[in-house]
Amino acid sequence: MICPKCNIALETLRVKSVTVYYCKTCKAMWVSFPMLKKIGAMLDLKSELLNPADMESINVKEAPRACPECTKPMDKVYFNGTLVDKCSECNGVWFDNGELSKYFSFFMKNPAKLTDNVTFVKEVCSIEPKKEPEYHELEIQSKEVEKPVLSVNGFFVAFCLLLVIAVSLLLVMVAPLFAALIPILVIVTVFVCAGFKILKPQEAFVLTLFGKYMGTLRGAGFHWVNPLAVSVTPFTPVSLKAMTLENGKQKINDQMGNPIEVGIIVIWEVQDTAKAIFNVEDYKSFISAQSDSALRNIVRMYPYDAPEASGVQSLRGDSAEISAKLKAEIQRNVKVAGIRVVDAKITHLAYAPEIAVAMLQRQQAAAVIDAKKAIVDGAVGMVEMALNRLSSNNVVQLDELEKAKMVNNLLVILCSNKEAQPVIGNRH
């Protein structure tokens, strides 16, 4: 490959799995889009990379450069304040020295410092990937897993029982000798009736036989099971409905140490009844305690608020991401109890009363500073544009003193709420 600017052979730079080509004289670099994606995978990006090779080209007076790979003329693309050369045929981009860091700064949460292309690639490829903290699920002694129990339609068994009773009574009426069978019939009837179970929608019975887990009876209706099977919760079936947990507000310190009040709501349901009954003492208290613990762990990892430009996740600005991590944390802790977390959201988030006033003043001050900064940046840009337009169009020729007075007037007009008093200078 030949540098389109210096007409010398390009050097090859290989760092780990990244391969790029650069000119040792002008430090410009030729990078294919797949390599750009590899470099981006090593950075903390806030959005996906855009391929300049797919962007619409613009017309410039400068003569087009030849693609280092296919030698065809490259097009110019205006991207993030710079003009870069791209080749749609080779799906590659030619970055002049320093433009590579500018390109990635547009997508990074924390913009990278401006540096030459070779140094940028070497620094990025030397970054060690962040290791996610290892989480271990709770382990317990019980290893019970839900299984279905054998059941028969209750109406069919009741019909058979009534049929046996009717035949037995008929035999007693015909032959009094069968009267001795009546006590046995009563005992059998009582024994069979013990196996009848009635379930409403979204309910279940966890059954044991002589102390051993037999299975779980699910499904609304009239059932008959082994009469010797005993329900762990005979008077209150296990509810399979989605339930809501709201533990109220908690005072927790955020990442910066500021006390804040946080409240969450957790939607959950019992997924494995055997685990819920046998693995923990009280699964409702268990999920309540684990939700409080998970909330504290998550809140301590993030600040209450952070400027949008900083790219730092915060509790107030990234509620969706925080809720997803909170849900995953709770789910990891309650999986041992056979519980599935449907959703977890922060419902209340505020500074603690003792620091609320001070924090509000700080937020107001930061908002005023950001607003003033935006006004000043815009005003400087407009002044610069005005001076350039006047000079390029030969409207008027101004000396340095007149330019200073004009800048002063424009800045006063653009940055102040008061009307400006223009200063007119007389040329001698």
Side-chain angles (χ1 to χ4, degrees), residues 138 140-245 266-288 331 334-342:
L138 297 176
I140 55 161
Q141 295 180 356
S142 176
K143 301 297 181 182
E144 298 291 353
V145 179
E146 181 180 314
K147 60 182 179 181
V149 68
L150 180 62
S151 64
V152 183
N153 188 289
F155 294 103
F156 174 74
V157 176
F159 174 77
C160 294
L161 180 61
L162 291 175
L163 184 61
V164 171
I165 292 174
V167 171
S168 300
L169 293 177
L170 183 61
L171 290 175
V172 171
M173 294 174 61
V174 175
L177 294 176
F178 288 100
L181 297 177
I182 293 180
I184 300 176
L185 181 62
V186 173
I187 295 174
V188 171
T189 302
V190 173
F191 177 77
V192 172
C193 289
F196 289 118
K197 305 291 182 184
I198 298 178
L199 283 177
K200 298 177 183 178
Q202 293 293 79
E203 290 184 346
F205 277 120
V206 179
L207 304 177
T208 59
L209 182 62
F210 301 116
K212 185 178 180 180
Y213 174 58
M214 180 181 175
T216 298
L217 180 63
R218 285 176 177 255
F222 189 35
H223 306 270
W224 185 85
V225 296
N226 188 341
L228 297 177
V230 179
S231 174
V232 179
T233 55
F235 303 105
T236 307
V238 178
S239 177
L240 305 178
K241 300 176 183 178
M243 288 176 275
T244 302
L245 171 67
V266 181
I267 310 299
W268 61 280
E269 63 183 7
V270 176
Q271 190 174 43
D272 191 311
T273 56
K275 290 182 179 180
I277 295 298
F278 299 114
N279 288 3
V280 294
E281 181 67 24
D282 184 350
Y283 60 89
K284 293 184 180 180
S285 300
F286 182 78
I287 188 175
S288 176
Q331 180 63 74
V334 301
K335 186 178 179 181
V336 68
I339 295 173
R340 186 178 79 90
V341 178
V342 179

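Along the sequence shown, the residues carry numbers beginning at 1.
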Report task. Please assess V225 against L207 for the test side-chain contact (heavy atoms from CB on, under 4.5 Å), listing each intermediate value before the final yes or no. Result -> CA-CA 10 Å; V225 296; L207 304 177; 4.0 Å; yes

Report task. I would like to know whether V342 and W268 meet side-chain contact (heavy atoms from CB on, under 4.5 Å); could you show each step before the answer? Result -> CA-CA 5 Å; V342 179; W268 61 280; 5.7 Å; no

Requested in this report: Decide yes or no on side-chain contact (heavy atoms from CB on, under 4.5 Å) for I277 and Y283, but give the supporting numbers first.
Outcome: CA-CA 7 Å; I277 295 298; Y283 60 89; 4.3 Å; yes

Requested in this report: Starting from the C-alpha separation in whole Å, work towards a yes-or-no answer on side-chain contact (heavy atoms from CB on, under 4.5 Å) for F210 and V230.
Outcome: CA-CA 8 Å; F210 301 116; V230 179; over 6 Å; no

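Pairing each heavy atom of L240 with each of E203, the nearest pair is CD1-O, 3.9 Å. Minimum heavy-atom separation, A220 to P201: CB-N, 3.5 Å. P237 and L199 get closest at one heavy-atom pair: CB-CD2, 4.4 Å. The minimum heavy-atom distance linking A229 with L209 is given by the pair N-CD1, 4.0 Å. Heavy atoms only, all atoms of each residue included: F156 and V152 are closest at CD2-CG1, 4.2 Å. Taking each heavy atom of L161 and C193 in turn, the nearest pair found is CD2-SG, 3.9 Å.
Between the SG atom of C160 and the CH2 atom of W224 there is a distance of 10.5 Å, given to the nearest 0.5 Å. For the atom pair I339 CD1 and K284 NZ, the distance stands at 10.5 Å (nearest 0.5 Å). Between the CE atom in M214 and the OG1 atom in T208 there is a gap of 9.5 Å [rounded to 0.5 Å]. Taking CD1 from I198 and CG from L217, the interatomic distance works out to 11.5 Å, rounded to the nearest 0.5 Å. One finds the CZ atom of R340 at 4.0 Å from the CD atom of E269 (value rounded to the nearest 0.5 Å).
The main-chain N or O of A337 is never found under 3.5 Å from a side-chain atom of Q271 such that the two would form a donor-acceptor pair. At least one donor-acceptor pair closer than 3.5 Å links the side chain of T233 to the backbone N or O of T236.
Side-chain contact between F278 and V206: present, with at least one pair of heavy atoms (C-beta onward) separated by less than 4.5 Å. Counting only heavy atoms from C-beta outward, the side chains of S288 and L245 approach each other to under 4.5 Å. A 4.5 Å side-chain heavy-atom check between V149 and T216 finds every atom pair outside the cut-off. Counting heavy atoms from C-beta outward, V172 and I182 have side chains that approach closer than 4.5 Å. Contact of the V334 side chain with the V341 side chain is registered, since non-hydrogen atoms from C-beta on lie closer than 4.5 Å. Residues D272 and V145 form a side-chain contact, since some pair of their non-hydrogen atoms from C-beta on lies under 4.5 Å apart. The shortest distance between side-chain heavy atoms of L228 and F191 falls below 4.5 Å.
Surrounding CZ of F222 are more than 12 heavy atoms belonging to other residues, nucleotides or ligands, all under 6.0 Å away.
Exactly one residue among P234, S151, S231 makes a side chain to side chain contact (heavy atoms under 4.5 Å, CB included) with F205. That residue is S231.
The salt bridge (Lys or Arg N to Asp or Glu O under 4.0 Å) analysis of residues 212-237, with sequence neighbours excluded, yields the pairs E146-R218.
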